[in-house]
Amino acid sequence: MEYLKINLEEINANIERACARAGRSRDEVTLIGVTKTIDEPAINASIQYGVTDIAENKVQEITRKYDNIHKGVKWHLIGHLQTNKVKYIIDKVDLIHSLDSFKLAEEIDKRAAQHGKVMEVLIQINVVDEESKFGIPRSEVMSLLEEVSKLQHIKVAGLMNIAPFYDDPEMARRDFKVMKQLFDTLKDTTFDNVEMKYLSMGMTGDYEVAVEEGANLLRVGTGIYGARDYSK
Ligand SMILES: *Cc1c(COP(=O)(O)O)cnc(C)c1O
């Protein structure tokens with residue numbers, strides 16, 4: 001699976017150049033391999049080539065693959081999470097990127113308490129309000145933070161955004177700027193259990209722009225693993 005090594009070298013070089021352009025240190029930025037539809041041997045090979053973090057968008061894929069993946073890697077859930085499925089992944093994932101309601105926060109809090117852990121989550125923001133089904137508009141972030149800050153077993157660790165698909169990655173830049181501005185504003189708030197550490201944005205088509213605009217978690221699937229085959 002030499003192609004994984006080649007792809008990762010190229011992406012890492014691109015990240016390094018984007019960091020240099022933005023005057024950022026490469027250590028600030030974590031590349032997350034998005035492994036939806038990818039089978040375990042390829043995921044494990046990518047881990048051997050240096051991938052430290054992997055992300056799935058479906059609960060079922062996490063539970064199916066979990067035991068077959070090398071230990072020590074960090075697991076991220078990046079897709080929409082239904083409250084009735086929280087219990088299946090609460091002991092498996094390190095970061096949930098898709099918090100979008102207080103009801104979901106309450107369920108995560110309850111399940112995390114049962115496992116004696118504090119679950120870190122990102123709030124998914126819908127910057128371009130009409131185009132995406134999930135995430136909350138910026139206007140609702142403060143009230144959600146206020147509510148979540150009262151829970152003991154969930155901690156808001158940052159923000160996540162999925163930019164719409166643009167033909168030109170430059171088009172995503174203005175969304176990323178909006179996200180960075182919100183992220184910086186929220187850094188100054190002093191809610192309990194809220195600490196703005198992670199800004200998750202940028203995918204295969206636009207991760208270099210995302211780095212330039214301040215992302216520190218990049219979610220790259222196709223660029224590492226190749227085109228996804230949904231027919232399997
Ligand atoms: C699939 C997916 C990605 C990765 O997309 P690529 O274009 O393959 O890099 C990133 N984020 C989310 C939320 C995804 O569902």
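When a ligand or atom number is given, it counts from 1 through the structure's own listing order. By convention here, the first residue in the shown sequence is residue 1.
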Salt-bridge contact K65-E61 (side-chain N to carboxylate O under 4.0 Å)
yes
Residues E212 and R173 bridged, charged N to O under 4.0 Å
yes
Nearest non-hydrogen partners of I154 and N193, listed with the distance:
O-CB, 3.8 Å
Could an N or O of ligand 1 be found under 3.5 Å from any N or O of G221, whether backbone or side chain?
yes
R228 heavy atom under 4.0 Å from ligand 1:
yes
Mark up the atoms of ligand 1 that fall under 4.0 Å of a heavy atom belonging to [X], in ascending order.
| X | answer |
| --- | --- |
| V220 | 9 (O) |
| R219 | 4 (C), 9 (O), 10 (C), 11 (N), 12 (C), 13 (C) |
| K36 | 1 (C), 2 (C), 3 (C), 14 (C), 15 (O) |
| T222 | 6 (P), 7 (O), 8 (O), 9 (O) |

Taking the six-membered ring of Y66, is the NZ or CZ of K71 close enough (under 6.0 Å from the centre) and on axis enough (within 45°)?
yes
Would I6 and I43 show up in the same hydrophobic cluster when neighbours are defined by side-chain heavy atoms closer than 4.5 Å?
no
Looking at [atom], what's its closest protein heavy atom, distance included?
| atom | result |
| --- | --- |
| atom 10 (C) of ligand 1 | M203 SD, 3.4 Å |
| atom 12 (C) of ligand 1 | I78 CD1, 3.4 Å |
| atom 6 (P) of ligand 1 | T204 OG1, 3.3 Å |

For the residue pair N7 and Y49, confirm or rule out a side-chain donor-acceptor distance under 3.5 Å.
no
Can you confirm whether K197 is buried at NZ, in the sense that more than 12 heavy atoms of other residues, nucleotides or ligands lie under 6.0 Å from that atom?
yes
